[in-house]
Number of protein chains: 2
Amino acid sequence: MATGTEGLRERKKQRTREAIIDAALRLFTERGFEHTTVADIAAAADIAPRTFFGYFPTKEDVVFHDFEATFGSLDERLRSRAPGESAIDAMRDWIASMLAQTDFNDPRELCQRRITRSTPALLEHERTLMARFEAALGEAVAQDLGADQGPLRPRMVASAATAALAMLEAFYDDKVELLNGELDPMAMVDEALTFLKGGIEALRERPPAPVPVRSPT
Amino acid sequence: MATGTEGLRERKKQRTREAIIDAALRLFTERGFEHTTVADIAAAADIAPRTFFGYFPTKEDVVFHDFEATFGSLDERLRSRAPGESAIDAMRDWIASMLAQTDFNDPRELCQRRITRSTPALLEHERTLMARFEAALGEAVAQDLGADQGPLRPRMVASAATAALAMLEAFYDDKVELLNGELDPMAMVDEALTFLKGGIEALRERPPAPVPVRSPT
DNA sequence: GGCAATCATGCACTGATTGCAATCACGCAG
DNA sequence: CTGCGTGATTGCAATCAGTGCATGATTGCC
């Protein structure tokens with residue numbers, strides 16, 4: 001019971017997964033995402049091409065291998081937040097703990113960002129993943145605001161919040177300059193929260209909620 | 001100047017383009033996007049499969065055939081706005097005129113929305129296109145706010161605005177219910193603007209802008 | 001040891017997309 | 001009216017992602 005949490009099977013699978021990720025990221029960095037075929041990755045990871053798809057549904061997904069875990073983490077945090085805690089505050093807390101445990105020098109993360117930035121297909125896929133953050137966040141915010149506020153407000157909040165989240169990724173891209181300038185990522189986050197709260201506040205005072213859509217049955 | 005603005009060649013090309021769009025949308029509606037091959041579309045439009053790609057770079061793009069025109073329209077509106085007019089106001093104006101000339105019964109638009117809503121690949125592609133709106137809007141807003149405000153604020157504004165824009169699309173989806181309830185799309189837009197302005201205002205009072213750096217694409 | 005659930009593969013196939021080279025047709029000049 | 005040059009249309013072959021299916025190899029468990 002040294003490293004493995006499960007049986008031999010699980011450990012082996014995990015090792016294969018890691019091998020695929022390592023091989024893929026290395027090749028992507030060397031030749032670029034588009035110039036690397038799944039067959040190349042399979043060869044480098046020492047598995048059959050067909051096996052690749054048993055681990056990742058698409059070539060893109062290898063790059064975002066940690067998404068499910070990260071998303072699950074936020075989703076869980078939002079769902080289990082204390083009754084009085086707002087979704088936005090929960091998110092702030094989540095980001096803080098996330099930043100705390102992030103190694104800005106992890107070569108994997110670094111190359112992940114670099115490759116994504118220069119590959120349209122990956123940017124596209126990333127947006128789709130971000131949309132899931134947005135959806136989860138929007139749902140939580142909607143709960144806070146109440147159903148009578150309509151569907152638009154939570155979405156706007158979630159959307160703006162996600163934009164801030166996206167900005168945080170710049171810390172991977174340009175970490176050197178940013179860290180040298182001793183900038184605090186949380187300062188950005190708090191700026192975003194100020195914006196969100198200001199917006200919500202402005203709506204609270206003003207008009208009621210339009211867009212009811214459909215009457216109860 | 002009935003239909004053709006240019007020579008026969010241009011008109012013919014336009015006709016072919018329309019034929020492709022019509023054929024594609026019809027087939028997509030009948031069998032679904034995924035169950036329609038480019039070959040099917042080509043056959044229905046009476047062209048060679050290879051020719052299809054001379055008109056659209058991907059199968060997805062047929063569905064958003066009017067994107068370039070629409071985007072160009074907003075971009076133009078933003079760039080040519082009066083010196084005193086804010087980007088947000090310009091956008092509101094643009095949306096208003098856009099809504100005014102929109103036929104909510106155009107079968108093309110209707111099926112376009114219906115198909116997109118039920119096809120992951122199209123939703124993904126749509127997000128990518130939306131990102132261009134967001135970018136254009138963000139750029140204009142950044143100009144309004146000034147460079148000293150940092151890159152995050154304009155992005156949040158643009159992102160939230162885009163969320164509102166996305167909501168508007170619901171008017172195609174559920175137009176019956178919405179129109180019956182005599183809801184004004186512009187009410188939604190104005191709600192979004194209230195949110196944005198509230199957010200911006202909250203920031204204006206607050207601290208200056210952190211976060212420099214960020215290489216544009 | 002032996003059975004059932006998994007996992008890894010090999011193979012064949014669908015379909016999008018692209019590069020190339022041969023044609024074809026439109027618009028213009030003679 | 002006729003011949004050219006340029007852009008449009010095609011056919012063909014090839015690359016590559018992703019999928020379904022059947023087979024053999026492993027592993028977990030009784």
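In what follows, chains are A, B, ... by sequence order, proteins preceding strands, each numbered from 1.
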Are the charged groups of Arg26(A) and Asp22(A) less than 4.0 angstrom apart, N to O? no
Rounded at 0.5 Å granularity, tell me how far NE2 in His35(A) sits from CG in Asp40(A). 11.5 Å
NZ/NE/NH1/NH2 to OD/OE distance under 4.0 Å, Glu34(A) and Lys59(A): no
At under 4.0 Å between heavy atoms, how does the protein contact nucleotides 25-30 of chain D? Give one character per nucleotide, 5' to 3', with B, S or -. -BBS--
NZ/NE/NH1/NH2 to OD/OE distance under 4.0 Å, Glu126(B) and Arg127(A): no
Is the closest basic N to carboxylate O distance between Asp93(B) and Arg81(B) below 4.0 Å? no
Indicate yes or no: does Glu10(B) engage Arg17(B) in a salt bridge with an N to O separation below 4.0 Å. no
Quick check: Phe64(A) with Phe56(A) (ring centres under 6.0 Å apart)? no
Can you list, in residue-number order, the parts of residues 33-61 of chain A that come under 4.0 Å of DNA chain C, counting heavy atoms only? Ile47(A), Ala48(A), Arg50(A), Thr51(A), Tyr55(A)
